[in-house]
There are 2 protein chains.
Amino acid sequence: MIEDKNPQRTSLSELGEFGLIEHLSKNLKITQESTLKGIGDDAAVLDFKDKKTVVSTDLLVEGVHFDLAYVPLKHLGYKAVMVNLSDIYAMNAKATQVTVSIAVSNRFPLEALEELYEGIALAAKIYNVDVVGGDTTSSTRGMIISVTAIGEAVEEDIVYRNGAGTNDLLVVTGDLGGAYLGLQVLEREKEVFKVNPNNQPDISMYTYIIERQLKPEARKDIPALLKELEVKPTAMIDVSDGLSSEIIHICKQSKVGCNLYEDKIPLDPQVISTSEEFELNSTTVALSGGEDYELLFTIKQEDYPKIKANPHLTVIGHMAQESEGVHLVTRANTKIPITARGWNALSEEKE
Amino acid sequence: MIEDKNPQRTSLSELGEFGLIEHLSKNLKITQESTLKGIGDDAAVLDFKDKKTVVSTDLLVEGVHFDLAYVPLKHLGYKAVMVNLSDIYAMNAKATQVTVSIAVSNRFPLEALEELYEGIALAAKIYNVDVVGGDTTSSTRGMIISVTAIGEAVEEDIVYRNGAGTNDLLVVTGDLGGAYLGLQVLEREKEVFKVNPNNQPDISMYTYIIERQLKPEARKDIPALLKELEVKPTAMIDVSDGLSSEIIHICKQSKVGCNLYEDKIPLDPQVISTSEEFELNSTTVALSGGEDYELLFTIKQEDYPKIKANPHLTVIGHMAQESEGVHLVTRANTKIPITARGWNALSEEKE
């Protein structure tokens, strides 16, 4: 597939490691006041003045986290940055820099890496972060992308996972389950393509969920919105592994229980219709799907009027005593214990 | 080889991703005042107060950067941290934190990862840095380690690559070429082992160079020593790719030339004897070998008395006008242009 899309091929070894880094990073502009030195020395130098530094890192592995049969490289670069910025926003912080390391086998031509970097540069531009470092090396097989995101925040603004109180409300941004279903559609089309490569699939009714999978957007707007609304969450996490596992993280670290209301979980109409088509329960999809990169947080009851009716925010439950446990309250009003069934990177390995 | 050393095997998928991170990080202690929050949230939170933040990142790929046929996992974990700390010291900064991300295939049992983490924890302890984050995931094949090192420095202390002046002296720490020759010995023993697995190799005469390859030490002592000597280098870089390519980096970025004196290059007796044995030119080994993780820096002439006779430091050349170029002055007093023949990760790929 790489070959088809890139009739022009420049071998990576022609350029060499230094040439490659220089070539790929030449279009990256430094815009952050906190970046004193970006790419080009042994290390980047940053200045956060009186603010705290926030750091998060993630590794994306071909064949595990992405399949180049249907993931365009530009989208992949964009998503690799999003996945990491999402963690910074989940601290209620502002993302300011990223470092991006890439290992690729020689089967990738330079043009493929350029495409990947276009996506990285686009994400950096839109989200207003500087690419300040990285490493480009070879792999024996496949592509690996490692991103470290760095951000800043005033200490009082930082929100951890462990601050939820027993009567707090549980709030989620956007809607859930789309990214997982988008993946199901893409996997199905890949199988169809294998059987009949001339078949042009009609994916117009899946546009939203496919975009959720291929080109997610991190919720940069939420820390700003919360500040504007004068709401400081008591706990916050991003929804990368699935709603259920994120709720359990907050409950475990905050030592509280939770009641999540099935009928409150925000679902896009495409999520509902596609769940039906795939004979999946849309609540299960939202609970276990993952990769939505929405933010999940808890707020004090008294802050409810401030967030009520905001189109970005949905109250989906409330926290409880730890002894009450973590439950889903179904539409039929029965309580089902929630277990961490989020996407487990280690058990899904395809050898 | 992994199997031989680990009669006890716990499958990684038994533990799952969260269980694994928790399990591996439970012995890591936070010691840095600047670490407000380590592993366990969406991001780490750091506080560098009025100091600048220094960030560097590197990716190590099995089959490209290391061969598990002869690299013990504990050493590998240690070295992965060293490689990154070295970049921080090369900024004349103090390393304070690292994040470590690992991708492994299910062929590795939990015990293998524990061994790797033991090395990481040991490096963190000895070098006084906190492991504050990371990601553990699966790979379709092999092991990938991505480390991001973070450090702090007062702005006036930071040394870049671009400050060398035309008459500055070129100084290197320790000695060069050992790591490369250690690798040659290990590669040879691997071949011998393939032919006769019962042969117990006598590697006692290679102890130093093998240790340079398997368990390098980053020069944490040098920024402290320079402070004590009241010398601020004008430019600095670590020797990871080989002396020649590091000199060229400094020259290019500082817009200067350089004369490097062959007879001044510090070589350990084991480097000299092993070079002879392998019929290699020891100067070429020092110039192109790489992985020594020594520091290379330039100082003003007037600072020479301060560093003279220090056993850690050797003056190996002097900078010149850019137009004079970059040369090796041989023992026979002829000038040979230096080209960047440092280790090139992208051309050495074994497919």
Side-chain angles (χ1 to χ4, degrees), chain A residues 12-13 15-18 20 36-37 40-48 52-59 61-65 87-88 90-91 93 99 101 103 105-106 132-135 137-142 144 146 148 150-151 158 160-161 237-238 253 340 344-347 349-351, chain B residues 12-13 16-18 20 36-37 40-48 52-59 61-65 87-88 90-91 93 99 101 103 105-106 132-135 137-142 144 146 148 150-151 158 160-161 237-238 253 340 344-351:
Chain A
L12 289 182
S13 48
L15 245 81
E17 193 188 347
F18 305 126
L20 184 61
L36 302 188
K37 174 82 188 176
D41 216 294
D42 293 279
V45 181
L46 314 174
D47 181 7
F48 294 108
K52 305 308 167 207
T53 309
V54 180
V55 180
S56 181
T57 192
D58 262 302
L59 208 55
V61 180
E62 184 183 351
V64 178
H65 300 96
D87 283 319
I88 301 297
M91 302 301 288
T99 66
S101 293
S105 83
N106 272 344
V132 295
D135 190 16
T137 187
S138 58
S139 76
T140 46
R141 199 174 86 179
I144 299 112
S146 173
T148 297
I150 302 162
I158 298 175
Y160 295 95
R161 294 177 179 176
I237 191 169
D238 75 321
Q253 295 199 25
N344 186 326
L346 285 162
S347 63
E349 174 159 0
K350 299 160 196 162
E351 267 287 358
Chain B
L12 289 182
S13 48
E17 193 187 347
F18 305 126
L20 183 60
L36 301 188
K37 174 82 190 177
D41 216 294
D42 292 279
V45 181
L46 314 175
D47 181 7
F48 294 108
K52 306 307 169 209
T53 309
V54 180
V55 180
S56 181
T57 192
D58 263 303
L59 208 55
V61 180
E62 183 183 351
V64 179
H65 301 96
D87 283 319
I88 301 296
M91 302 302 287
T99 66
S101 292
S105 82
N106 272 344
V132 296
D135 190 15
T137 187
S138 58
S139 76
T140 47
R141 199 173 86 178
I144 300 113
S146 173
T148 297
I150 303 162
I158 297 175
Y160 295 96
R161 294 176 178 176
I237 191 169
D238 74 323
Q253 295 200 24
N344 186 325
L346 284 162
S347 63
E348 296 219 342
E349 176 160 359
K350 300 159 194 160
E351 267 287 359

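Bear in mind the structure is a predicted one, so any value in this text is a computation, not a measurement. Below, chain A is the first sequence line, B the second, and so on; all start at residue 1. Just so you know, these numbers use all the heavy atoms, side chains as well, and skip hydrogens, waters and symmetry mates.
Across every non-hydrogen atom of A:T140 and B:E62, the tightest pair is CG2-O, 3.7 Å. Listed here is the closest heavy atom pair of A:H65 and B:T137: CE1-OG1, 2.9 Å. Residue A:T57 comes nearest to B:S101 through the heavy atom pair CG2-OG, 3.5 Å, listed as atom of the first residue, atom of the second, then distance.
Remark: A:D41 engages B:R161 in a salt bridge (charged side-chain N to carboxylate O under 4.0 Å, His left out) (not counting sequence neighbours). Every side-chain contact (heavy atoms from CB on, under 4.5 Å) that B:A43 has, sequence neighbours left out, goes to A:V54, A:S56, A:I88, A:M91.
Looking at A:Q253, the atoms closer than 4.5 Å to chain B (heavy atoms on both sides) all sit in the side chain, from C-beta outward.
Taking A:I150, A:V55, A:I144 one by one and counting their heavy-atom pairs under 4.5 Å with chain B, the maximum is reached by A:V55. Most heavy-atom pairs under 4.5 Å with chain B, from the set A:V132, A:V45, A:V61: that is A:V45. Of the residues considered (A:L36, A:L59, A:D58), A:L59 shows the highest number of contacts with chain B, using heavy-atom pairs under 4.5 Å. Among A:I237, A:D87, A:I158, the residue with the largest count of heavy-atom pairs under 4.5 Å with chain B is A:D87.
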